[in-house]
Amino acid sequence: MEPKHIHIKDYNYPLPEDRIAKFPLARRDTSKLLVYRHGDISQDTFHHLPDYLPKGALMIFNNTRVVRARLHFRKAVTPYCEAPHNTLQEASQHVASPLASGGVSDKPQGALIEIFILEPALPAEYQENFLSRGRCSWYCLVGNLKKWKTGSLHQQIRIGEETVTLSATRGEAHGTSHQIDFTWDTGHTWAEILEATGELPIPPYLNRKTEQSDLTTYQTVYSKIKGSVAAPTAGLHFTPEVLAELDAHGIEREEVTLHVGAGTFKPVKSEEIGDHDMHTEHIAVHRTTIERLIAHEGAAIAVGTTSVRTLESLYYMGILAMQGKEDLHVEQWMPYSETTTSEVDTCQALQALLRYMDERNLDILHSSTQIIIAPGYKFHIVRMMVTNFHQPQSTLLLLVSAFVQGNWRSIYDYALENDFRFLSYGDSSLLMGPSPNGPSPNPSTREGSGNNQLGSTSAVHHTPLPCGGAGGGSADGGSILPLVDPAGNVIGQATRAECHNGSMLLHPVVHLHVFNEEGELYLQKRPMWKDIQPGKWDTAVGGHVDFGEDIHTALLREAREELGINAEGNELVQMYEFHSEREHELVYAHKIVYNKEIKPSEETDGGRFWTMQEIRDAIGHGILTPNFEQEFMRLFEKQ
């Protein structure tokens, strides 16, 4: 189905009021963590999140900070106009009292007017606007607008020892908002004015007033850049301790800024999502972050849907830069347009952004996006996502569905059945998405002369390497592998992703079985973050042969990287073809007797020697990987 014709009613689910978390847990990282791994669902506690992430991966955080965006004024009472008796009562159901020491006078003076700032108008840049002194303008939502037809609103606030008079004047309509001009009679910055009189907005579905504790709990511990009217709530679970554990696990961290607007709570009221208008969100990304993305082959783990939208928008901004556009704003349906769905390599798009910034001498890319990510969207950068549980019939639920290939309902059913807490202050999930569907040209092949041995490049046509790299593996599918015939002769090349996407392209791998003098066999334990067979015991050494590499060199490299051993003196046991649903491998299975110290890589969860009888007893009980079980039976039980 074309994404525009998706019916939002198909993304509904029952959400009882008592499942909506009204307050956070006392300790952020003790919340529940649902782990979704390609159809398999389990649960853990959030502070164990680093255990599920691949070491060396790049994790992206949104460092926006929520501002006190709600301002309350009272319209002066005039003798010829009396407000209805229920005006204040009705308004009070939707707004809360200011927390500031100054704020609105307790003495009623007329109709209550709420001004909710959304987006800076003058100055238009966020940080410049917050530093304004004396005056600034914002596009705002206005509550009880019918009671504010003309004139200015005024309130007096206290900042330290000074009394400040803040005035608001209504300007022209701007879509569903209005431009409001603010003036004040002291030298304080607009940021200081908001801190003194504004109220931190909390989501309307919490159905409660803002409390003092929200000033801390509704901000991420890494928030820095003021501008949001709602928190990037997936980040609320992180503590300094979890961040330290990420660092200890070798996870690289980068930050982007996307200022979350009130549109994040905007319900989809149209029957089809094609009639729903996405709100514009402003982003800022440092040059170093884009460079780091390129170094990681254009792959990242996103913390929250705001980081997802930022990262995926960068890809399309790169396409706009390649087209020579000056304005890199991403329109809502751009990802689904025929003119932009032609394949562009992710790193090529990111490199185009760097050229765009170089030409304009920019260290920070400022732009905006209206991207809608819905089923049918193809992800370019995000490989894993940390996110909370979202409202029924929302665009955020559409994004989740797109990422898990339509399997959102089983995730949400599991969460409801297992007492997960929902929405902003609720629990979270770690979603592992599909393998990236990057550029998929037919692998370039040329028939060899019949004696073109593995590692020879004389008969192979070279294709451009992704991200400008030359060799080296990557978990995201960007490395180049040789293609071979059943005899091991090189006949072409393809990316790792192309070899693993069900294409059945035959490519070589090396296995090494390590025995000690007692005849015990060393097995490694796969870490929990692995996509395939997490937590199970597997062959001691296994890996792909890189393009241009011979079997012997590949085996020595893998043994050194995975076990820290010198595998000289190994013996080839058997060469055979292995088929799975995803790939077709030519396996070179070796063995070696080794009695020196083994130092397993951090990429594993360690290992140990097993007796042959221990292995036989474990077969068929979900302890060992199926691939190892098959190879063990093939090599050592049929001799």
Side-chain angles (χ1 to χ4, degrees), residues 1-13 36-39 258 263-264 266-281 298-300 302 304-320 329-346 349 369-385 387 389-413 429 431-441 476-477 497-498 500-503 582:
M1 177 187 295
E2 184 182 352
K4 287 185 179 182
H5 296 310
I6 289 174
H7 289 80
I8 195 63
K9 68 180 181 180
D10 295 333
Y11 295 84
N12 196 14
Y13 69 93
Y36 174 85
R37 186 187 291 106
H38 310 308
L258 181 144
T264 192
K266 182 181 178 182
V268 180
K269 296 182 177 179
S270 57
E271 181 177 345
E272 294 186 346
I273 67 169
D275 297 320
H276 176 77
D277 291 328
M278 288 292 288
H279 55 292
T280 295
E281 295 173 306
T305 56
T306 59
S307 296
V308 172
R309 294 198 298 276
T310 302
L311 290 171
E312 294 298 315
S313 293
L314 286 179
Y315 172 80
Y316 290 100
M317 291 174 185
I319 290 179
L320 291 172
H329 172 75
V330 179
E331 299 286 350
Q332 178 168 336
W333 296 104
M334 179 182 172
Y336 312 91
S337 168
E338 291 183 1
T339 60
T340 54
T341 52
S342 59
E343 297 297 351
V344 174
D345 179 81
T346 300
T369 181
Q370 286 178 278
I371 192 171
I372 184 169
I373 297 179
Y377 179 86
K378 182 173 131 183
F379 287 85
H380 298 277
I381 293 176
V382 178
R383 304 294 192 264
M384 292 182 177
M385 178 197 318
T387 188
F389 298 94
H390 304 292
Q391 287 181 290
Q393 300 190 105
S394 63
T395 57
L396 301 183
L397 189 54
L398 292 173
L399 183 153
V400 168
S401 180
F403 193 69
V404 298
Q405 297 181 308
N407 203 23
W408 70 271
R409 195 174 293 278
S410 65
I411 295 171
Y412 276 61
D413 285 347
S429 63
L431 308 178
M432 303 184 190
S435 297
N437 295 320
S440 299
D476 72 352
E498 290 165 350
H500 290 182
N501 66 4
S503 63
R582 295 174 53 189

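A quick note: this is a predicted structure, and the numbers were derived from the prediction, not measured.
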### Message
Nearest 0.5 Å, please: how far is CG in Leu396 from OG1 in Thr387?
### Response
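Atom-to-atom, Thr387:OG1 and Leu396:CG are 7.0 Å apart.
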### Message
Parallel, tilted or perpendicular: which one describes the rings of Tyr377 and Tyr336, with boundaries at 30° and 60°?
### Response
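Plane angle over 60°, so perpendicular.
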### Message
Before you tell me yes or no, could you show the steps for Tyr315 and Val344 under side chain to side chain contact (heavy atoms under 4.5 Å, CB included), namely the whole-Å CA-CA distance, both residues' side-chain angles and the distance that decides it to 0.1 Å?
### Response
CA-CA 9 Å; Tyr315 172 80; Val344 174; 3.5 Å; yes
Should [X] and [Y] count as side-chain neighbours, where that means a heavy-atom distance under 4.5 Å?
| X | Y | value |
| --- | --- | --- |
| Pro375 | Tyr11 | yes |
| Ser270 | Val268 | yes |
| Asp275 | Lys4 | no |
| Met432 | Arg383 | no |
| His380 | Tyr316 | yes |

Tell me the closest heavy-atom pair linking [X] and [Y], and the distance in Å.
| X | Y | answer |
| --- | --- | --- |
| Asp10 | Arg409 | O-NH2, 3.2 Å |
| Leu431 | Phe403 | O-CE2, 3.3 Å |
| Leu311 | Ile381 | O-CD1, 3.1 Å |

### Query
side-chain contact (heavy atoms from CB on, under 4.5 Å) with Val330: which of Thr369, Leu314, Ile372?
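Result: among Thr369, Leu314, Ile372, Thr369 is the only option passing the side-chain contact (heavy atoms from CB on, under 4.5 Å) with Val330.
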### Task
Determine whether the side chains of Asn407 and Tyr36 contain a donor N or O and an acceptor N or O closer than 3.5 Å.
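Present: a donor and an acceptor within the cut-off.
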### Query
Can you list the residues that meet the ring pair (Phe, Tyr, Trp, His ring centres under 6.0 Å) rule with Phe389, with sequence neighbours excluded?
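Scan of Phe389 (ring pair (Phe, Tyr, Trp, His ring centres under 6.0 Å), adjacent residues dropped) gives Tyr412, Phe420, Phe422.
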